[in-house]
Amino acid sequence: VQLQASGGGLVQAGGFLRLSCASSGRTFSSYAMGWFRQAPGKEREFVAAISWSGGSPYYAGSVKGRFTISRDNAKNTVYLQMNSLKPEDTAVYYCAAASGADSDYRVYPYWGQGTQVTVSS
């Protein structure tokens with residue numbers, strides 16, 4: 001599974017961005033998908049995950065209520081809608097694929113290249 005993340009950028013606090021992660025593989029719909037982020041000097045942390053069917057999305061407490069994960073299996077794409085962005089959301093965001101949705105990044109064998117999100121105060 002090859003993953004390509006996009007949609008990052010520079011935004012002011014309170015703004016929004018939508019990240020996309022496109023897969024080139026024909027088996028995309030069989031994988032659970034996750035979004036993770038890593039800020040400079042910090043460990044990679046879980047943001048959100050969604051099952052292969054699009055059901056049962058779940059989120060890190062720090063983004064719950066502000067971020068929404070969704071997927072379109074017909075387009076082989078998973079999205080992360082990020083609203084009410086805060087400076088502490090600044091990080092490189094990665095999408096990842098696994099056989100089951102999980103908050104542990106070590107479970108995910110397939111990763112996109114990352115997209116930078118910078119939120120200014």
Side-chain angles (χ1 to χ4, degrees):
V1 177
Q2 292 186 323
L3 304 172
Q4 179 79 30
S6 61
L10 173 64
V11 63
Q12 288 188 331
F16 63 91
L17 284 173
R18 188 174 84 153
L19 305 184
S20 299
C21 176
S23 170
S24 60
R26 294 194 293 177
T27 58
F28 174 79
S29 61
S30 65
Y31 288 95
M33 298 297 297
W35 284 97
F36 295 80
R37 66 187 182 187
Q38 189 165 19
K42 295 188 176 181
E43 292 191 356
R44 189 165 298 191
E45 66 171 350
F46 170 73
V47 175
I50 192 168
S51 68
W52 66 270
S53 65
S56 305
Y58 64 103
Y59 304 90
S62 58
V63 306
K64 196 171 185 178
R66 300 188 297 122
F67 291 11
T68 302
I69 187 171
S70 62
R71 67 189 296 162
D72 185 337
N73 286 340
K75 295 183 178 179
N76 285 359
T77 303
V78 63
Y79 305 97
L80 186 69
Q81 178 69 41
M82 305 186 295
N83 299 330
S84 302
L85 282 161
K86 304 176 181 179
E88 51 264 43
D89 295 319
T90 296
V92 177
Y93 283 70
Y94 299 89
C95 58
S99 58
D102 202 288
S103 60
D104 186 346
Y105 70 88
R106 295 169 294 182
V107 169
Y108 293 78
Y110 305 107
W111 290 82
Q113 85 290 0
T115 184
Q116 176 71 47
V117 172
T118 303
V119 185
S120 63
S121 57

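Start at 1 with the first residue, then count along the sequence.
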Handout entry: Quiz item: cation-pi between Arg18 and Tyr79, 6.0 Å / 45°
Key = yes
Practice task
State, to 0.1 Å, how close Val119 and Lys86 come at their nearest heavy-atom pair, and which atoms those are.
Solution key: CB-O, 3.3 Å
Handout entry: Interatomic distance, Leu80 atom CG to Leu17 atom CG [nearest 0.5 angstrom]
Key = 9.5 Å
Fill in the blank from the handout: Between the CG atom in Leu10 and the OG atom in Ser120, the distance rounded to the nearest 0.5 Å is 5.0 Å
Exercise for the section: Provide the closest heavy-atom pair for Thr115 versus Ala5 in the form atom of the first, atom of the second, distance. Expected result: CG2-CB, 4.2 Å
Practice task
Return yes when atom CD of Glu88 has more than 12 non-hydrogen atoms of other residues, nucleotides or ligands closer than 6.0 Å, and no otherwise.
Solution key: yes
Practice task
Determine, for Phe46 and Arg37, whether the Lys NZ or Arg CZ falls below 6.0 Å from the six-membered ring centre while staying within 45 degrees of the axis.
Solution key: no
Problem - Nearest-0.5 Å distance that lies between atom CG in Asp72 and atom OG in Ser29 - result: 11.0 Å
Handout entry: Check: Tyr31 and Ser23 side chains under 4.5 Å, non-hydrogen atoms
Key = no
Exercise for the section: Show your reasoning for whether side-chain contact (heavy atoms from CB on, under 4.5 Å) applies to Cys95 and Tyr110. Expected result: CA-CA 8 Å; Cys95 58; Tyr110 305 107; over 6 Å; no
Handout entry: Gap between atom CE of Met33 and atom CG of Asn73 - 0.5 Å precision
Key = 10.0 Å
Exercise for the section: Check whether any side-chain heavy atom of Tyr59 sits under 4.5 Å from a side-chain heavy atom of Arg66, and report yes or no. Expected result: no
Practice task
Taking the side chain as every heavy atom from C-beta outward, state whether Gln4 and Gln113 have any atom pair closer than 4.5 Å.
Solution key: yes
Handout entry: Test item: Ser70 and Gln81 side chains (from C-beta on) under 4.5 Å apart, heavy atoms
Key = no
Problem - ILVMFWY cluster, Val92 and Leu3 together (side-chain gap under 4.5 Å) - result: no
Practice task
Dump the intermediate steps for side-chain contact (heavy atoms from CB on, under 4.5 Å) on Phe28 and Arg71, then the final yes or no.
Solution key: CA-CA 10 Å; Phe28 174 79; Arg71 67 189 296 162; 3.3 Å; yes
Completion exercise
On a heavy-atom basis, the closest approach of Ser84 and Asp89 is O-OD2, 4.4 Å
Exercise for the section: Taking the side chain as every heavy atom from C-beta outward, state whether Thr118 and Gln116 have any pair of such atoms under 4.5 Å apart. Expected result: yes
Exercise for the section: Give the minimum heavy-atom separation between Val47 and Val63, together with the two atoms involved. Expected result: O-CG2, 3.5 Å
Exercise for the section: With the side chain counted from C-beta on, respond yes when Val117 and Leu19 share a heavy-atom pair under 4.5 Å apart, and no when they do not. Expected result: yes
Exercise for the section: Answer with yes or no whether the hydrophobic clustering places Trp35 together with Leu85; edges join I, L, V, M, F, W, Y residues whose side-chain heavy atoms lie under 4.5 Å apart. Expected result: yes
Exercise for the section: May I ask you to check whether Tyr108 and Tyr94 place their ring centres under 6.0 Å from each other? Expected result: no
Problem - Between Phe36 and Trp111, ring centroids under 6.0 Å - result: yes
Problem - Closest heavy-atom pair and its distance - Pro57, Ile69 - result: CB-CG2, 3.6 Å
Practice task
Over all heavy atoms of both residues, which pair between Val107 and Ala98 is shortest? Give the atoms and the distance, please.
Solution key: O-CB, 3.8 Å
Exercise for the section: Please work out which of the three classes, parallel, tilted or perpendicular, describes the rings of Tyr93 and Phe67, given edges at 30° and 60°. Expected result: tilted
